[in-house]
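As a basis for the values below, the full set of heavy atoms in this structure was taken, side chains included, without hydrogen atoms, waters or symmetry mates.
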Amino acid sequence: MYTKTRYSVKDMIRWTRLDLFTFFLIAFIPTVLYDTCGLTWLYLPWLPIAMIGTAVAFIIGFQNKVTYDRIWEARKIWGGIVNVSRTWGALVKDTVTGEHASQPVDDVRLKQEVSTLIHRHIAWMAALRHSMRSPKSWEVFLSHKTNREWAKMMHIPEREHTLEEDLKPLLSEEEFTYVLSKTNKATALLAMQSKHLRKLKEEKLIWEFAFLDLEGLIKDLYDLQGKSERIKNFPYPRQYATLNSFFVWILVFFLPFGVIPEFAKVGEQIALNFPRIGDYFVWAAVPFSMIVSWVFHTMERIGKTGENPFEGSANDVPISTIARGIEIDLREMIDEDPEQIPKPYPLVHHTQM
């Protein structure tokens, strides 16, 4: 997918414009009641509001730390997939040689076996990334209007091409039918790889020690797949996410009632020297409340959009780019026609696949 690498103030305001309008109303209405309607009793002590703000800051900080840890763990997992995949390509190319075969094996057969193992690994990555992009009930990124606007600007290959379209060129007809019949298609592909390696060992097209090394890599791929699935299938606890949002809105709602009288007091002091400014200074509580509310709420939204690092948000781990980069490396390793090798996903609007 495309991941935004640089945000401007304009981008942030556009993303949160609906929230800013809400904050304006929440701050404007109490100010009107206080200053215009004369309801000067409509205020709250500043100390408890400050205590709520401190608590909310800790809660948001905890949420963002956990969210970043999930993103960082996912990035390390897919970094591991990069390393293991390159090792897989190098070993397959250099160990499927038929050196110990009882009868000579022509280069065409060996090249075909290597190509099958490499293409099936690319198919495994396609199955895994499609699985990671599949929607879950707790993934709520697209529930917000401005998030949907950003989603329209992000190019996510898994939403533009089906798994069947991605697997078809990489597998034989028999393998394609078999994989699609399984629930966990990535697991089925790794099982096929292991079975294929055993067949090659029995035909002595690979040495036994090389077979063990390659089986070890398949074990590593199973491990990395399981870790990636663990993040995908275990969400950030919803009670924390729900309470975080609830507490932020409590602060946003009560904040103007504590800020307005404080600005009124400052306005009285200013009025001693600048009467015209002092009389209207209480209205500065409106932008001040908006800014404070915007900071807290935006940090909470950023944490929320990063809870699920494969969901398709701007904070996602770019698994499509990673998988495409591995595919290019593997195809170049086995000297495929450069015209047949796919190109890296392009940069669009400061974004990276």
### Task
Evaluate side-chain contact (heavy atoms from CB on, under 4.5 Å) for Met192 paired with Tyr178, printing each intermediate quantity in order.
CA-CA 10 Å; Met192 291 172 63; Tyr178 174 80; 3.7 Å; yes
### Message
Please determine whether side-chain hydrogen bond (donor to acceptor under 3.5 Å, both in side chains) holds for the pair His119 and Glu327, giving the CA-CA distance in whole Å, both sets of side-chain angles, and the decisive distance to 0.1 Å.
### Response
CA-CA 9 Å; His119 286 183; Glu327 179 179 358; over 6 Å; no
### Stepwise side-chain contact (heavy atoms from CB on, under 4.5 Å) check, Leu128 with Met125
CA-CA 5 Å; Leu128 182 58; Met125 289 190 298; 5.7 Å; no
### Task
Mind running side-chain contact (heavy atoms from CB on, under 4.5 Å) on Arg86 and Ile326 for me, showing each step along the way?
CA-CA 7 Å; Arg86 289 170 177 166; Ile326 296 171; 5.6 Å; no
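A salt bridge does not link Asp335 with Lys111: every distance from a Lys NZ or Arg NE/NH1/NH2 to an Asp or Glu carboxylate oxygen is 4.0 Å or more. Between Glu113 and Arg109 there is a salt bridge, since at least one side-chain N of the basic residue sits less than 4.0 Å from a carboxylate O of the acidic one. The pair Glu311-Lys232 fails the salt-bridge criterion, with no side-chain N (NZ, NE, NH1 or NH2) lying under 4.0 Å from an Asp/Glu carboxylate O. Using a 4.0 Å cut-off between charged nitrogen and carboxylate oxygen, Asp19 and Arg301 count as a salt-bridge pair. Looking at Asp223 and Lys219, no side-chain N of the basic residue comes within less than 4.0 Å of a carboxylate O on the acidic one, giving no salt bridge. Salt-bridge check for Glu203 with Arg198: failed, with every basic side-chain N at 4.0 Å or more from each acidic carboxylate O. A salt bridge is defined here as a Lys NZ or Arg NE, NH1 or NH2 lying under 4.0 Å from an Asp or Glu carboxylate O, and Arg70 with Glu307 fails to meet this definition.
Without hydrogens or angle criteria, Thr36 side chain to Leu33 main chain gives no donor-acceptor distance under 3.5 Å. Judged by distance alone, the side chain of Asn308 and the main-chain N or O of Phe310 form no donor-acceptor pair under 3.5 Å. Here the side chain of Ser131 pairs no donor or acceptor atom with the backbone of Ala127 at under 3.5 angstrom. A donor-acceptor contact shorter than 3.5 Å is absent between the side chain of Arg324 and the backbone of Pro342. Remark: side-chain polar atoms of Thr95 are paired, donor with acceptor, to backbone N or O of Leu91 under 3.5 angstrom.
Between Ser320 and Tyr345, the shortest heavy-atom distance links the atoms O-CE1, 3.4 Å. Pairing each heavy atom of Val56 with each of Phe296, the nearest pair is CG1-CD2, 3.6 Å.
Side-chain contact annotation: Thr116 with His196, donor-acceptor N/O pair under 3.5 Å absent.
A 4.5 Å side-chain heavy-atom check between Leu255 and Val292 finds at least one atom pair inside the cut-off.
Between Phe24 and Phe28, the two ring planes are parallel [angle under 30°; tilted spans 30° to 60°].
Taking the ring centroids of Phe263 and Trp283, they lie at or beyond the 6.0 Å cut-off.
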Name the atoms and distances for all side-chain donor-acceptor pairs under 3.5 Å in residues 183-191, with sequence neighbours left out.
{"residue": "Asn184", "atom": "OD1", "partner": "Ala186", "partner atom": "N", "Å": "3.4"}
{"residue": "Asn184", "atom": "OD1", "partner": "Thr187", "partner atom": "N", "Å": "3.1"}
{"residue": "Asn184", "atom": "OD1", "partner": "Thr187", "partner atom": "OG1", "Å": "3.1"}
{"residue": "Asn184", "atom": "OD1", "partner": "Gln225", "partner atom": "NE2", "Å": "3.3"}
{"residue": "Asn184", "atom": "ND2", "partner": "Thr187", "partner atom": "OG1", "Å": "3.3"}
{"residue": "Asn184", "atom": "ND2", "partner": "Glu229", "partner atom": "OE2", "Å": "3.2"}
{"residue": "Lys185", "atom": "NZ", "partner": "Lys182", "partner atom": "O", "Å": "2.9"}
{"residue": "Thr187", "atom": "OG1", "partner": "Gln225", "partner atom": "NE2", "Å": "3.0"}

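Among residue pairs with one or both ends in residues 29-53, none qualify as ring-ring contact (aromatic ring centres under 6.0 Å, His included); sequence neighbours excluded.
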